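Shown next, in structure tokens, is the structure this report addresses.
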Amino acid sequence: MIRKTFPSAITIFGAKGDLTKRKLIPALYNLYADNHLPSIFSIYCVDFLAVDETEYKGWLLEGINSFSRTGQANPEKWAAFSSRIHYVQGDFMKEETYATLKDRIKSFEDVEQQRGVRMFYFAVAPRFIEVIADSLCKQKLCNRDALDRIVVEKPFGTDLDSARKLNRYLTQRFKKKQIYHIDHYLGKEMVQNILAFRFANYVFEPLWNKKYIDHIEISVAEEVSVGTRGGYYDSSGALRDMIQNHLLQLLCIIAMDCPKAYEAEAIRDAKVKVLKSVRPLTAQSVFKDVVRGQYTAGEIAGKPQVGYTDEPQVAKGSATETFVAARLFIDNERWKGVPFFLRTGKCMPRQSSVIMIQFKDSPHKIFKDDVQPNQLIISIQPELEIGLMFEGKVPGLHMKLEPVEMDFMYKDDFKQSLPEAYEALLLDVLEGDATQFMRDDQIEAAWKLVMPILDAWKKSPKKQLNSYAAGTWGPKAASNLLKPFAKDWFKLMHENGVVEKMSEPEIKAQIVAAT
Ligand code: BG6
């Protein structure tokens with residue numbers, strides 16, 4: 001825990017942005033309300049627009065009331081919290097903005113008579129990262145490596161070269177330990193729990209390898225469309241937006257070896273090792289091992305949805321993918337020959353982020369209806385759940401088997417409400433803990449892995465660009481990718497955001513279909 005008396009000056013560049021309103025301020029407010037922030041802190045929100053500070057705070061409050069996990073803000077707590085928020089109007093491109101910011105931060109520290117932590121959060125478009133970094137440096141605003149940190153949001157570069165260039169730029173100005181590359185998936189409760197599950201429960205470790213595991217599916221299905229983000233998304237696509245970061249992070253956590261300690265460098269070393277062991281794709285294998293798709297008009301949860309190329313700010317005839325499925329192999333002793341199937345897409349029937357570990361079938365069967373190889377299911381969202389599917393005896397006079405599930409659900413075992421990913425990660429930054437943040441070499445290794453795909457698609461923009469109707473699970477080619485390991489992607493049964501148990505015959509049908 002941080003010392004409660006340790007003052008913290010928190011600066012958010014991009015004060016008027018969506019991220020600040022929806023995520024950062026609600027997260028800081030919840031940390032404050034739950035007494036996790038240091039007792040002395042100040043928040044400086046910097047942006048170009050001239051806005052009245054009272055109106056600005058009203059806008060932030062709207063954000064908390066609409067998006068915070070805790071619902072409407074408590075009036076007294078909001079009054080106390082918001083008195084620490086200061087709007088600093090300024091152009092990111094002008095030195096005077098940083099000079100003003102410096103004065104504000106220094107007078108805060110002078111009053112407290114203590115030089116505390118300074119956190120600078122870059123919630124800005126990528127084109128501003130370099131100029132802000134440079135100005136912080138020139139103004140000596142972020143020059144004490146034990147106390148001062150910058151937090152950089154993705155996209156971190158648009159390809160390997162640009163990511164390398166940006167890494168070089170930042171590391172010439174700050175110490176590596178001052179740079180926090182945020183991937184909000186690493187702050188998700190269940191994602192963090194995978195580390196606990198794997199490395200605090202030795203029972204699974206002997207099974208966690210090619211001898212017992214047949215294949216692994218990592219799927220992040222989103223119900224949402226690109227909505228108002230067409231401008232950004234059209235030059236990004238699902239590969240850059242989701243696979244290069246969130247899904248490869250999940251792959252690392254599932255596939256990594258036990259690190260020597262629960263400590264930032266050891267964990268990040270183990271993850272980089274995974275990325276470096278993934279078999280590189282080639283110009284030829286891309287069209288065999290990677291499937292892309294783009295949604296067309298359809299219906300999601302009873303509501304009509306326009307096709308991707310009719311979304312605002314999306315180029316007509318755009319070839320940007322809104323869906324990617326990939327088959328990857330990790331060429332090391334633990335995983336040789338085990339396929340890892342990754343899938344993500346927008347406009348799918350419902351939100352569902354699930355990792356399914358399919359164990360091998362038993363080599364020797366003694367029951368005629370023992371048809372189910374075991375499955376370990378880790379549901380990250382919307383439900384947080386870990387389930388192990390196994391064969392059980394149906395009560396009765398005969399030896400009849402049915403698949404059953406041994407289940408751990410957060411909402412049954414833990415009563416406390418779960419922190420948002422940004423709460424956990426912002427507190428980590430204030431505490432100087434980089435364990436759940438990406439390191440520069442990891443970012444580069446992830447880009448290196450996806451570069452053959454980007455290059456192949458750039459060369460043949462529309463080759464094998466499948467379409468899928470909004471509200472479906474993606475193109476058929478994505479199911480074919482699983483063959484011969486499975487017939488279709490694993491599905492949890494969700495209704496209205498609630499996981500419903502599949503009936504036994506449904507489970508059996510799915511397992512039989514998959515094997
Ligand atoms: C973001 C992507 O990083 O993650 C979005 O830019 C995506 O396109 C989002 O919708 C998904 O995050 P979550 O937490 O809703 O699964």
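Counting starts at 1 for both ligands and their atoms, in listed order. Values in this document were obtained by computation on a predicted structure and should not be read as measured data.
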(request) Just jot down the side-chain contact (heavy atoms from CB on, under 4.5 Å) partners of Pro339, sequence neighbours excluded, or say none. (result)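 Expected list: His215, Arg327, Phe329, Phe341, Phe485.
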(request) Tell me, please, which residues at least two apart from Arg118 pass side-chain contact (heavy atoms from CB on, under 4.5 Å). (result)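 Per chain and number, Arg118 pairs via side-chain contact (heavy atoms from CB on, under 4.5 Å) with Ala9, Ile105, Lys106, Glu109, Arg115, Phe120, Leu141, Asp148.
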(message) Can you tell me how the ring of Tyr422 sits relative to the ring of His184, calling it parallel under 30°, perpendicular over 60° and tilted otherwise?
(response)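 The arrangement is parallel - the two ring planes meet at less than 30°.
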(message) With a 4.0 Å cut-off on N to O distance, would you call Lys271 and Asp183 a salt bridge?
(response)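 Salt bridge absent between Lys271 and Asp183.
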(message) Check this for me: does any side-chain nitrogen of one of Asp241 and Lys154 sit under 4.0 Å from a carboxylate oxygen of the other?
(response)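 Answer for the salt bridge query: yes.
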(message) Restricting to salt bridge (Lys or Arg N to Asp or Glu O under 4.0 Å), what partner residues turn up for Asp441, sequence neighbours left out?
(response)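 Only Arg439 meet the salt bridge (Lys or Arg N to Asp or Glu O under 4.0 Å) criterion with Asp441.
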Check ligand 1 for N or O atoms under 3.5 Å from a protein N or O and list each pair with its distance.
unit_1, atom_1, unit_2, atom_2, d
ligand 1, 3 (O), Lys154, NZ, 2.7
ligand 1, 3 (O), His246, NE2, 2.7
ligand 1, 4 (O), His246, NE2, 3.4
ligand 1, 6 (O), Lys154, NZ, 3.0
ligand 1, 6 (O), Arg229, NH2, 2.9
ligand 1, 6 (O), Asp241, OD1, 2.6
ligand 1, 6 (O), Asp241, OD2, 3.4
ligand 1, 8 (O), Arg229, NH1, 2.8
ligand 1, 8 (O), Asp241, OD2, 2.6
ligand 1, 8 (O), Lys346, NZ, 2.8
ligand 1, 10 (O), Glu222, OE1, 3.4
ligand 1, 10 (O), Glu222, OE2, 2.5
ligand 1, 10 (O), Lys346, NZ, 3.1
ligand 1, 12 (O), His184, NE2, 3.1
ligand 1, 14 (O), His184, NE2, 2.8
ligand 1, 14 (O), Lys188, NZ, 2.6
ligand 1, 16 (O), Tyr185, OH, 2.4
ligand 1, 16 (O), Gln381, NE2, 2.7

